[in-house]
Amino acid sequence: MGGFIDRPFALFALLMSALSSPLASAQTIEQAPTSLALTSTDAAILGMRPSKPLSRGEEAALMPKDRFRECAHCPEMVVVPDGNFMMGASAREMGSSEDERPQHQVTVQRFAAGRWPVSLAEWGACVAAGVCSPHPTEAGHVRDPVTGILWQEASHYVQWLSRLTGRPYRLLSEAEREYVARGGTITAFWWGDGADPHLADIAAANLVADIGIVTIATTPPSANPFGLFGVHGGVYDWVEDCWHDNYVGAPNDGSAWIADDCKGHVLRGGAFSRALQTRRSAARLWFGPPNRMSYMSVRVARTLGP
């Protein structure tokens, strides 16, 4: 994004000038924050835009890594660029398994993904609306991810978001989830093939998995190259796809792979309570109802027009 869009401080000064000018009309003051927030990754300016559904013009103007929120309790979304990537893992990748093969080229169209997994506060808004089910995890911090949810509950949540905003929210496809985890990289994790650099070393990373809680001092998490947080570890995200034992016959257009006899759905992302190898970009897991595990969560997707 170039020119006018890339200068958040200049935009902020322009807004302040408009607000202080006696000639500024109410219409000018109301419209300025919308365009400023939409087209900037600066957090202060992002907060100026009213949390409301994007207009057609705003949606068309979105660029990769732009962020938006379409209701007060909606997840913050990040624009993901279109592109091609190699899905799956080769037999040479440490910790990989046969269900991650054959590797195959996939083309993904641009869309928006949740910057974080759905938080307790965001889930709580759906509970208050009488659509989503409350869970014991709601006793945690409001910014913590909701956990222990079934695939059907995750599906109900995105359907509720769509009705609330009038915009097409949905679950990520499995291909999209791997695409955003990789963030344009080809390594096991977006930062490379080794353990999370926020942990001291691979032994520390596996210790976290062994004892089930984080006791190692860490630095604040970093966003991956696409601007998403927590794509490796933390919680698993439910995706739209039914489970298949391998990628023979898998779609190559980034769409979800659905089956009439869906025995279970796919989880992606890994969890700190599980081994390091399960947090790789290509790693897969599935569960069918009524199994409910503490690390099951959801990160939403939003279809964007051309």
Got a donor-acceptor contact below 3.5 angstrom from the [X] side chain to the [Y] backbone?
X	Y	result
R292	G148	yes
S96	R92	no
W160	V127	no
R280	G95	yes

Same hydrophobic cluster for V146 and L267, using side-chain heavy-atom links shorter than 4.5 Å among ILVMFWY?
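Yes, it is one cluster - the side chains of V146 and L267 are joined through contacts under 4.5 Å.
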Linked, directly or transitively: L120 and V298 (ILVMFWY side chains, under 4.5 Å):
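Shared cluster, yes.
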When rounded to the nearest 0.5 angstrom, what distance separates [atom1] in [X] from [atom2] in [Y]?
X	Y	atom1	atom2	answer
C242	D261	SG	CG	8.0 Å
R69	T165	CZ	OG1	13.5 Å
L161	R167	CG	CZ	13.0 Å
L164	C74	CG	SG	5.5 Å
L54	M77	CG	CE	10.0 Å
S90	Q103	OG	CD	5.0 Å

Is the NZ or CZ atom of R177 positioned over W238's six-membered ring, under 6.0 angstrom from the centre and within 45° of the axis?
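Because its charged atom misses either the 6.0 Å distance or the 45° angle limit, R177 does not stack over W238.
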Strictly by modelled atom types, are [X] and [Y] linked by a side-chain donor-acceptor pair under 3.5 Å?
X	Y	answer
D193	W191	no
E100	Y247	no
Q159	S155	yes
N84	T107	yes

With E176, which residues qualify under salt bridge (Lys or Arg N to Asp or Glu O under 4.0 Å), at least two apart?
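Testing E176 for salt bridge (Lys or Arg N to Asp or Glu O under 4.0 Å), a comparison that skips the adjacent residues, returns R170.
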Name each donor-acceptor pair under 3.5 Å that joins a side chain in residues 225-233 to protein atoms two or more places apart or in another chain, with its distance.
from: H232; atom 1: ND1; to: R279; atom 2: O; distance (Å): 2.7
from: H232; atom 1: NE2; to: W190; atom 2: N; distance (Å): 3.2

Taking NZ, NE, NH1 and NH2 as the nitrogens, is one of them in [X] or [Y] under 4.0 Å from a carboxylate oxygen of the other?
X	Y	result
E178	R268	yes
R284	D245	no
R101	E93	no

Quick one, F68 and L62 - any side-chain contact, counting heavy atoms below 4.5 Å?
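F68 vs L62: side chains touch.
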Shortest non-hydrogen contact from P117 toward R299:
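What the structure gives for the nearest pair is CD-NH2, 3.7 Å.
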Assess the pair H244 and W257: is the distance between their ring centroids shorter than 6.0 Å?
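Yes, close enough.
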